[in-house]
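So the structure is just underneath, and the comments pick up after that.
So that the names make sense, note that chain A is the first sequence line, chain B the second, and so on, each numbered from 1.
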Number of protein chains: 6
Amino acid sequence: MRPVSIETGVVKHAEGSCLIRIGDTAVICTASLEERVPPFIKGSGLGWVTAEYGMLPRSTGSRMRREAASGKQGGRTVEIQRLIGRSLRAGVDRVALGERQITVDCDVIQADGGTRCASITGGWVALKLAVNKLLKARAITSDPLVSPVAAVSCGIYAGQPVLDLDYPEDSEAGVDGNFILRGDGQLIEVQMSAEGATFTRDQMGKLMDLAEKGVAELVEAQKAAVA
Amino acid sequence: MRPVSIETGVVKHAEGSCLIRIGDTAVICTASLEERVPPFIKGSGLGWVTAEYGMLPRSTGSRMRREAASGKQGGRTVEIQRLIGRSLRAGVDRVALGERQITVDCDVIQADGGTRCASITGGWVALKLAVNKLLKARAITSDPLVSPVAAVSCGIYAGQPVLDLDYPEDSEAGVDGNFILRGDGQLIEVQMSAEGATFTRDQMGKLMDLAEKGVAELVEAQKAAVA
Amino acid sequence: MRPVSIETGVVKHAEGSCLIRIGDTAVICTASLEERVPPFIKGSGLGWVTAEYGMLPRSTGSRMRREAASGKQGGRTVEIQRLIGRSLRAGVDRVALGERQITVDCDVIQADGGTRCASITGGWVALKLAVNKLLKARAITSDPLVSPVAAVSCGIYAGQPVLDLDYPEDSEAGVDGNFILRGDGQLIEVQMSAEGATFTRDQMGKLMDLAEKGVAELVEAQKAAVA
Amino acid sequence: MRPVSIETGVVKHAEGSCLIRIGDTAVICTASLEERVPPFIKGSGLGWVTAEYGMLPRSTGSRMRREAASGKQGGRTVEIQRLIGRSLRAGVDRVALGERQITVDCDVIQADGGTRCASITGGWVALKLAVNKLLKARAITSDPLVSPVAAVSCGIYAGQPVLDLDYPEDSEAGVDGNFILRGDGQLIEVQMSAEGATFTRDQMGKLMDLAEKGVAELVEAQKAAVA
Amino acid sequence: MRPVSIETGVVKHAEGSCLIRIGDTAVICTASLEERVPPFIKGSGLGWVTAEYGMLPRSTGSRMRREAASGKQGGRTVEIQRLIGRSLRAGVDRVALGERQITVDCDVIQADGGTRCASITGGWVALKLAVNKLLKARAITSDPLVSPVAAVSCGIYAGQPVLDLDYPEDSEAGVDGNFILRGDGQLIEVQMSAEGATFTRDQMGKLMDLAEKGVAELVEAQKAAVA
Amino acid sequence: MRPVSIETGVVKHAEGSCLIRIGDTAVICTASLEERVPPFIKGSGLGWVTAEYGMLPRSTGSRMRREAASGKQGGRTVEIQRLIGRSLRAGVDRVALGERQITVDCDVIQADGGTRCASITGGWVALKLAVNKLLKARAITSDPLVSPVAAVSCGIYAGQPVLDLDYPEDSEAGVDGNFILRGDGQLIEVQMSAEGATFTRDQMGKLMDLAEKGVAELVEAQKAAVA
């Protein structure tokens with residue numbers, strides 16, 4: 001596992017924010033609170049957490065086209081931001097949150113593999129800081145975040161199960177997966193996929209073992225950051 | 001598992017086509033062959049398989065807005081068609097296919113849960129029929145499709161592991177997953193996710209067991225269809 | 001005139017649906033009922049009928065780009081769906097329909113000429129089936145569909161007036177036209193146009209004669225289908 | 001028929017241009033010559049004529065949204081510009097034109113009914129002026145415009161056949177049509193449609209009679225303008 | 001300074017309109033009045049003036065792509081229409097105007113340099129004519145337009161300060177600027193920019209002197225036009 | 001003038017990068033080098049410098065909609081990035097740069113007024129670092145950046161000329177301007193505009209005095225950063 005650091009309060013306007021670094025991957029995560037919810041839950045008393053994801057054009061080895069300039073978000077972006085939102089919601093008690101929305105923005109400053117996992121892990125920290133403000137202001141009375149949510153990628157690289165792939169490993173790995181867990185060990189989302197290869201249930205188990213270890217370490221970093 | 005039927009040759013223009021029905025879900029799958037490849041593999045000698053997915057506006061209980069009219073493909077569409085393409089490619093020997101592209105279109109006529117899995121399963125049949133034409137015409141000499149690719153959804157519904165969720169089950173399930181396997185039992189992609197719930201490794205194992213059984217049945221139907 | 005078949009009830013969710021085949025052209029038509037109308041007639045007590053049209057990417061000889069992927073509906077699509085809506089409305093008593101909207105979707109599964117005419121003819125059947133549901137449920141008391149609406153294309157091909165052009169004829173025809181009539185013989189829309197040629201009033205009359213014959217046959221098929 | 005005036009040479013940069021006024025309808029038409037053709041006829045030796053249509057936002061009674069601002073051309077615009085292009089091409093000998101393209105732009109300055117017909121009639125004048133430049137420069141040796149192309153709208157208004165509908169008449173007419181003819185009396189395109197009404201073959205004949213009279217008058221104005 | 005002419009009342013539907021010609025540059029300006037304001041000032045009692053800008057495709061030496069067809073307004077268009085709106089608003093007493101909006105459309109018919117300055121100068125005339133209607137109808141009681149707003153471009157061309165650059169001068173000028181002033185000599189906006197060059201404060205002063213002279217002349221033309 | 005800090009090398013992949021902070025405004029600037037130029041200068045031997053600008057959704061007091069999600073860059077974004085590019089190019093000897101392109105991306109992490117000026121000032125530092133790499137690699141032999149380019153905003157706030165407006169000052173200022181200068185005191189671009197006010201030549205001179213002082217300070221910070 002590459003070194004992890006989480007610096008909080010990096011954007012003064014946001015209700016919660018952090019800069020998470022995992023190895024050379026760096027993501028700014030902010031949580032923005034709004035006292036309104038999407039139409040489909042209006043009047044339900046339930047809250048909503050959603051996420052958006054972006055990469056700065058030169059976060060990558062060669063400059064990517066800016067999505068705002070090309071006029072739409074690419075398929076990968078859409079897939080990732082749906083994953084982040086879904087994963088964070090799995091750790092939220094939407095009744096306790098009350099009818100309000102928190103939008104988590106994850107913007108990659110520097111990319112070196114694992115940006116979606118770093119976004120989920122850092123996104124949870126930003127979310128937690130925003131929720132803490134609500135608690136402190138007594139806008140809500142019980143913490144809707146029951147357990148931290150963290151994510152790690154694992155893959156099979158050069159025949160070996162590897163934890164927390166960096167970009168060169170990730171692009172070479174025949175099989176890679178994203179594992180999103182709660183701090184109490186419950187699984188939220190597991191995605192394993194093979195690009196030009198296949199895998200077995202036995203390999204799947206080995207990656208799960210690694211992921212549990214990695215997430216435990218990330219949860220420690222999250223707890224330290226929000227303390 | 002709901003009843004499965006696969007009718008081939010339903011679109012006369014396509015190099016391969018079928019109408020797959022799994023319960024009340026019905027998808028038209030076509031495979032279109034082109035003697036050109038995307039720029040990023042030009043000159044590599046490798047082939048490419050890609051997929052697109054759509055739903056007719058009234059394939060669903062209430063009419064959905066036509067994506068062509070709203071001016072873009074939604075996040076769910078983008079995510080699904082990337083999954084179909086990735087899954088099918090995992091069963092293709094791209095050297096044996098040679099520098100050509102096959103586009104698999106999956107258009108849902110009637111939806112009742114499991115449209116992405118039906119698309120992969122039917123999409124493979126369309127792909128196989130197009131490849132058979134290439135083999136027959138001696139454009140290629142060995143079959144690039146080593147083993148069928150099929151997919152099934154499983155979930156935890158009312159506390160019980162359930163195989164092949166229909167729409168009412170799927171929308172109620174706290175945890176659901178898509179399992180994409182090859183005919184020889186190798187895993188291609190596993191996606192399990194919790195919406196408003198979590199799951200354990202033990203539950204994951206039970207769903208895997210169900211999925212292996214379901215895919216075996218689908219592979220039989222695929223083999224019968226292309227015979 | 002090529003053989004005509006109309007199979008009803010092909011999409012279980014729709015209030016009305018059919019699969020119309022005219023020769024090798026096949027179109028799925030659905031009618032979707034909504035208890036709301038567009039803003040410009042809100043509160044007028046009048047109903048509205050509108051239509052949308054699409055082609056599956058491989059309905060044609062070579063694969064067309066999916067309009068949802070290219071981000072907009074092409075000029076031909078827009079022109080056709082406006083024609084379908086206008087034609088169907090000409091057979092609707094909008095007072096009798098009451099303040100509700102029916103959207104007719106026509107999706108071409110397989111194209112071999114005359115898709116817009118097949119869409120109008122099949123679209124009327126789907127519309128009629130949806131209206132029958134309203135009548136049966138006593139939501140309306142008199143039938144707003146006074147007479148069937150059907151359409152046929154005719155053209156001058158190889159110097160001869162021809163009824164119901166298939167694709168090879170259509171693409172070669174110097175002059176072709178679409179004739180939309182009611183079952184009682186009244187004209188709704190006539191479009192004749194020359195591509196790289198011209199025509200005379202006398203030729204126009206001959207095509208009209210053919211069209212009247214063809215529509216009579218289609219109206220028989222419509223009546224049989226909805227009986 | 002409302003008074004017609006055609007002023008040529010109104011835009012100095014264009015190869016051909018005019019301002020056509022029919023009653024209170026005013027359209028600027030320009031013809032732009034390019035020594036290249038669309039990909040689908042490259043190398044064929046044939047020329048191409050195409051058209052685009054627009055309305056200034058305040059050409060109408062209440063301000064319309066600018067299509068450039070709303071990000072797409074509306075269905076009506078697309079339909080009209082396809083009609084203009086098709087109609088003008090019907091009067092062009094594409095072999096004599098040679099492998100070059102002329103784009104006719106029709107921009108409505110003030111609208112009071114019949115803008116598409118004014119665009120075709122004025123568009124032909126701009127086209128002819130551009131062709132005359134080619135002839136004068138000996139870039140082509142025979143005139144590719146065999147006969148003028150002109151268009152007029154007719155309709156049934158208050159039960160009576162009416163020639164050249166202005167906006168109040170047009171919006172009230174139950175049946176209206178556009179008739180595009182050549183100067184030699186040949187028909188190029190006939191479009192008759194009923195909005196909330198139907199018509200008979202006999203009525204169609206009466207409108208045709210009116211249209212032939214109207215077009216003859218327009219052709220005189222065209223000839224005077226280009227002389 | 002090139003010859004200036006302003007013809008009013010050129011579009012019968014608009015509350016105010018003119019055709020301004022400055023040399024070979026010709027712009028149609030219309031002012032459209034609406035009894036509603038943008039959401040951000042609703043209920044404030046203040047009025048709003050906004051502007052849109054466009055060029056006919058063949059207003060320029062070679063045909064430009066129509067922005068409606070390319071699906072968006074280019075950067076230059078956006079920049080210019082923001083400038084026009086901001087400049088006109090600087091001459092408006094928004095309290096006196098009351099809670100209503102006037103949209104000024106500036107459409108370039110023929111371009112030969114200085115289209116943005118001609119648009120502001122002509123736009124003010126259209127605006128004034130619309131305001132006069134309001135005054136005449138006693139919808140407002142005091143004139144919200146305290147002083148005319150006019151604009152002129154100046155630049156350094158071939159080493160010399162030049163007033164009112166035409167297109168050939170403008171495209172060669174190393175430094176050019178737009179100066180927007182009120183009739184009473186107050187400055188509203190000054191934009192000077194160097195393309196491939198720089199300038200000094202002294203040069204800036206000389207261009208300001210020229211601009212003041214040019215604007216005085218334009219204001220005379222505006223006053224004559226609205227008289 | 002608020003405190004200025006410029007940290008270089010903040011994005012490892014970029015040829016040049018910095019994080020510039022001016023008060024509470026923070027912008028990440030990167031320079032990306034490509035060995036190709038836009039089509040309009042291909043083969044000319046000249047280089048090109050262009051810029052893009054963006055704001056993270058929560059860089060501002062309340063969350064802004066992500067431009068990639070809304071499908072286009074707003075008018076303000078377009079205007080700013082054109083200004084940045086134009087300003088930087090004014091300090092580049094495009095012959096000495098040779099036929100290559102450098103894209104400067106300016107992404108605002110935290111906004112508190114003056115983001116466009118900070119982007120130009122920081123953008124020049126990123127550009128200079130990229131150019132230094134070219135010099136070190138002997139890809140070019142003489143420095144194409146003759147003099148630093150820096151920008152500062154000034155305005156009239158509460159009746160007083162103020163240097164370097166922060167967000168509260170900027171939104172209240174009746175007159176504000178952006179002044180872009182070279183290190184040698186030459187002017188590149190001056191933009192002064194009044195929102196709901198006007199200004200005089202005398203006031204303009206006072207703001208110019210302030211701007212010259214401010215830019216001198218910024219140029220010191222730039223020189224220290226790239227040393």
Side-chain angles (χ1 to χ4, degrees), chain B residues 9-19 21 23-36 50-74 76-78 81 101-112 126 130 167, chain C residues 9-19 21 23-36 50-74 76-78 81 101-112 126 130 167:
Chain B
V10 297
V11 176
K12 74 167 183 173
H13 302 299
E15 280 74 28
S17 72
C18 73
L19 168 61
R21 291 182 183 276
D24 274 344
T25 290
V27 186
I28 292 181
C29 304
T30 59
S32 298
L33 176 71
E34 287 169 301
E35 292 295 324
R36 55 175 195 76
T50 186
E52 293 195 6
Y53 171 90
M55 299 182 85
L56 295 201
R58 197 53 199 280
S59 57
T60 47
S62 59
R63 187 178 182 273
M64 300 188 318
R65 196 167 173 212
R66 193 176 283 267
E67 288 187 323
S70 61
K72 66 170 186 168
Q73 296 179 302
R76 181 184 166 277
T77 295
V78 169
Q81 66 192 10
Q101 170 168 294
I102 299 179
T103 302
V104 174
D105 284 286
C106 303
D107 286 274
V108 179
I109 301 305
Q110 192 172 270
D112 188 32
Y167 181 72
Chain C
V10 297
V11 176
K12 74 167 184 174
H13 301 300
E15 281 72 29
S17 72
C18 73
L19 168 60
R21 290 181 184 276
D24 273 344
T25 290
V27 185
I28 292 182
C29 304
T30 59
S32 298
L33 176 71
E34 286 170 302
E35 292 296 323
R36 55 174 194 77
T50 186
E52 293 194 7
Y53 171 90
M55 299 182 85
L56 294 201
R58 198 52 199 281
S59 57
T60 45
S62 59
R63 187 178 182 273
M64 299 188 319
R65 198 170 171 207
R66 193 177 284 268
E67 288 187 323
S70 62
K72 65 171 189 168
Q73 296 180 302
R76 182 184 165 276
T77 295
V78 169
Q81 66 193 9
Q101 170 167 295
I102 301 180
T103 302
V104 174
D105 284 287
C106 303
D107 286 273
V108 179
I109 302 307
Q110 192 171 272
D112 188 32
Y167 180 72

| task | Take Ile109(B) and Ile109(C) through the test side-chain contact (heavy atoms from CB on, under 4.5 Å) and record every step on the way to the result. | result | CA-CA 10 Å; Ile109(B) 301 305; Ile109(C) 302 307; 4.2 Å; yes
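Interface remark: Ser59(C) contributes backbone atoms only to the contact with chain B (heavy atom separation under 4.5 Å). Heavy-atom distances place the backbone of Ala111(C), and not its side chain, under 4.5 Å from chain B. Interface residue Ala31(B): only backbone heavy atoms are found under 4.5 Å from chain C. When heavy atoms are compared at a cutoff of 4.5 Å, Ser32(B) approaches chain C by way of both its backbone and its side chain. Using a 4.5 Å cut-off between heavy atoms, Glu34(B) does not touch chain C at all. Of the atoms belonging to Lys12(B), heavy atoms from both backbone and side chain fall under 4.5 Å from chain C. In this structure, chain B has heavy atoms under 4.5 Å from both the backbone and the side chain of Asp105(C). With a 4.5 angstrom heavy-atom cutoff, Gln81(C) does not touch chain B via any of its atoms.
Counting heavy-atom pairs under 4.5 Å between each of Arg66(C), Glu67(C), Gln73(C) and chain B puts Arg66(C) at the top. Counting heavy-atom pairs closer than 4.5 Å to chain B, the top residue among Thr77(C), Val78(C), Ile28(C), Leu33(C) is Ile28(C).
Taking every heavy atom of both residues into account, Gln110(B) and Val10(C) meet most closely at OE1-O, 3.6 Å. Closest approach of His13(B) to Thr60(C), counting heavy atoms only: CB-O, 3.3 Å.
Contact of the Pro57(C) side chain with the Asp107(B) side chain is registered, since non-hydrogen atoms from C-beta on lie closer than 4.5 Å.
Enclosure of atom CZ in Arg63(C) by more than 12 non-hydrogen atoms of other residues, nucleotides or ligands within 6.0 angstrom is indicated.
Here the SG-CG distance, from Cys106(C) to Leu56(B), works out to 11.0 Å after rounding to the nearest 0.5 Å.
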